Structure formats: C-alpha cells, structure tokens
Protein chains: 2
Amino acid sequence: MPEDSDKRPLTPSDRRILRVVQEEGRITNAALAEKVGLAASPCLRRLKALEEDGIVAGYRAVLDRKALGYAIEAFVLVKLEQSEPGWRTRLIERLNAFEEVLACYAMAGEIDLLIHVVAQDMDAFGEFSMNRLLTLPGVADVRSSFVLSTITPPRGLPIPD
Amino acid sequence: MPEDSDKRPLTPSDRRILRVVQEEGRITNAALAEKVGLAASPCLRRLKALEEDGIVAGYRAVLDRKALGYAIEAFVLVKLEQSEPGWRTRLIERLNAFEEVLACYAMAGEIDLLIHVVAQDMDAFGEFSMNRLLTLPGVADVRSSFVLSTITPPRGLPIPD
DNA sequence: AGTGAAATGACCATAAT
DNA sequence: ATTATGGTCATTTCACT
C-alpha cells in the first residue's frame, strides 16, 4: 500500500546537486549552482523539487559526539519474546522516548533489533541497558557491542551517474 | 596525543542552537535566531564558533535511500585475522573506497568491524559481500544482518541542559 | 533582472569576574 | 579592566519571482 509515488528519473544536474548537498548541506544556492554548473534559478528549482519529492528528506547538522561528552558509543543487539499483537507500536514509542538512542532498526535473523546508542560514560550506559532497555515489556535479551573507533564516519549514499 | 583542545562550556544559547540545527540543518540564520531567542548577529557568531570548535562538524542533506534505488540496507559483521602491522591503514583505505559503505566501526569483542551498507538489490549485495569484502586481505569472516524496517530513523545526539 | 530578505561585520551595551 | 555575552545598524549578498 505505501507506494513510491512517482519516480521521476534524476537528471545529471539532480545527481550533482545531491552529491553536493549530501556533503555540504548548508551551502548557499548560489555556491551550489556554481559547483554543479547551473544558473542560480534552475538550481534552486531543482533542489526544491528534490525536497518536494522527498528525495531530499531533510538537513541535519552533524555534531561531535565526544565534544558533547558522550564517551560511549555502542550498538545494542536485542532479542524479543514472542508477544501479543500491538507490541510493536508500544515498543517503538518507548524506544523513541530514549534520548540516547541514535537509531533503531528491526532486523532479519537472530537479532530482532539493532540499536545505535550513546552514553556519557559506562555508568550511564549500564543504567540505560539494564534498567531501561532490558525492563521493556517484550525484551528478552540485550547484548552490547562497543565502538572502539569510527573507521568510516557516517557518510552519504552513493549517487550513481 | 590528539587532545581535546579546549572545552569551552556551552551556553544555554549554544545548546538551543545545536538542538535546532541538528534537526533543521538548512534553517536560515534569521529563523534560527528567532527560534532560539537571539538577534541574528550573535546567533550567527555562536553558530560559527560552534563550527570553528568542531562541535558542529558539518551539515548533510538526508536522502531517501529507497527513492535512490537502494532496496537493501544491511549491517555486516566482520571478523579479522591476526595480521601484520599496517593492516589497519590499508583496510581503512579499501573500505572507504567502497561507495556502498555508509559507515564502518571498529568494535570491541567478538566482532571486529561493523559495516553499515546499502545495495541496489540482493545480487549487488551478494557481489559486494562475497567478491569484494570477503576477499580483502585480513578479513576472516563476514556475516550479514538485513534491515527490515527503521524503527527510529537516524537522529541527533541528546543536548542536555 | 529586480525586490525584499538574509548574511555578515563594525560597533555599542551590559554584566559578571 | 577584562571577558563574555547580546544588541543595533549599515552594507553586501542571496533567495525568489
């Protein structure tokens, strides 16, 4: 039922625009136009169209995790119990309410959920994991894997030609 | 040895700015100033300072993965072999060269690397995983976990008061 | 191309140290 | 007094029609 509205094919200009704004989200339209080799006016129209179509879903500042005091970054692997219908909605709400959750994915296979998390320190992480995650209704087990270093920092999707 | 230069404490205004730009990275300075209750000029000065200090590391447009034709999103768990010094640098280079890698983390514990990946379809994913990842020198084993749905879409860090 | 809005920098005010 | 904050205004640049 959720249908991909209309997949207008991307023009080469669109692709160039996407490549740039994915890396420099706050670039001015004037500078963007120059980079992609368009005049300002058509460049802005294309960017707006990409936003309109949801291809550009939004813009975010990327903040420095450590500078903000989050020493711990981890991925938490969650197994769920077989449970009543409706668990999903409630669980999503509860998870989204945890500020330390950066992202959460429902997965195929052994692990049911993969949760990307930050915490100020190990104590805070332990409190989150033990007292808040594990006690959620439907959660059977949690296992945590800690990030030692970021080899490839989060970056954009490839934009094929 | 890379030391956190100077941790200027964040003012309440800084925090408000960070909360906003993390969600609306392309907001105009004028609108940002209004939202955080500052005049345009000091607001811009603070934002620039936050960028200067690396607290704001950059800005990115968030693109729609499916709209761009990536049906597959997965996390690949990699185990490495004991290997010669210098493996790390070479491996990082090789990994970064793969466009389908959205992020890659060195992890503590059983799994050595966690790689966030997209692919157009299963064929493309298989080709990447089998022919390109697994054949990298030093890679002992890869296991893939596929994303079924995104429960909490990637969002910003919590900014405490 | 033109008009209104935004960005940017020079300068001032106030308060806390 | 110095430092750190915010404000006002004038000029340049940009967004958008």
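Bear in mind the structure is a predicted one, so any value in this text is a computation, not a measurement. In what follows, chains are A, B, ... by sequence order, proteins preceding strands, each numbered from 1.
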Listed in order of residue number, which residues of residues 11-28 of chain B have a non-hydrogen atom at under 4.0 Å from DNA chain D? B:Thr11, B:Ser13
If you look at every strand shown and take non-hydrogen atoms under 4.0 Å, does B:Ala39 touch a base, only sugar-phosphate, or nothing? base
Looking at [X] and [Y], what are the two nearest heavy atoms and their distance?
{"X": "B:Arg26", "Y": "A:Leu47", "answer": "NH2-CD2, 3.8 Å"}
{"X": "B:Pro137", "Y": "B:Leu91", "answer": "O-CD1, 4.2 Å"}
{"X": "B:Arg155", "Y": "A:Asn96", "answer": "NH1-O, 2.9 Å"}

With clusters defined by side-chain heavy atoms of hydrophobic residues (ILVMFWY) lying less than 4.5 Å apart, directly or transitively, does B:Leu136 cluster with B:Trp87? yes
Under-3.5 Å N/O pairs linking protein and nucleotides 10-17 of chain C:
unit_1, atom_1, unit_2, atom_2, d
C:dA10, N6, B:Ser41, OG, 3.3

Nearest whole angstrom, please: distance from the [atom2] of [N] to the [atom1] of [X].
{"X": "B:Leu10", "N": "D:dT5", "atom1": "CG", "atom2": "P", "result": "10 Å"}
{"X": "B:Glu34", "N": "C:dA7", "atom1": "CD", "atom2": "C1'", "result": "17 Å"}
{"X": "B:Arg46", "N": "D:dG7", "atom1": "CZ", "atom2": "P", "result": "10 Å"}
{"X": "B:Asn29", "N": "D:dT12", "atom1": "CG", "atom2": "C1'", "result": "15 Å"}
{"X": "B:Leu38", "N": "D:dG6", "atom1": "CG", "atom2": "P", "result": "5 Å"}

Between B:His116 and B:Phe75, what is the ring plane arrangement, given parallel below 30°, perpendicular above 60°, and tilted in between? parallel
Would you please say whether a donor-acceptor pair under 3.5 Å links the side chains of B:Ser149 and A:Arg88? yes
Side chains of A:Arg46 and A:Thr11, donor plus acceptor under 3.5 Å: yes
When you measure from the side chain of A:Lys48, which nucleotide among D:dC16, C:dT8, D:dA15 comes out closest? D:dC16
Side chain of B:Leu44, heavy atoms from C-beta onward: which of C:dT8, D:dG6, D:dA15 has the nearest atom to it? C:dT8
Holding to ring pair (Phe, Tyr, Trp, His ring centres under 6.0 Å), I want the full list of residues that pass it with A:Phe128, two or more places apart in sequence or in another chain. A:Phe98
From the options A:Val56, A:Ile159, A:Val36, select the one residue that forms a side-chain contact (heavy atoms from CB on, under 4.5 Å) with A:Ile17. A:Val36
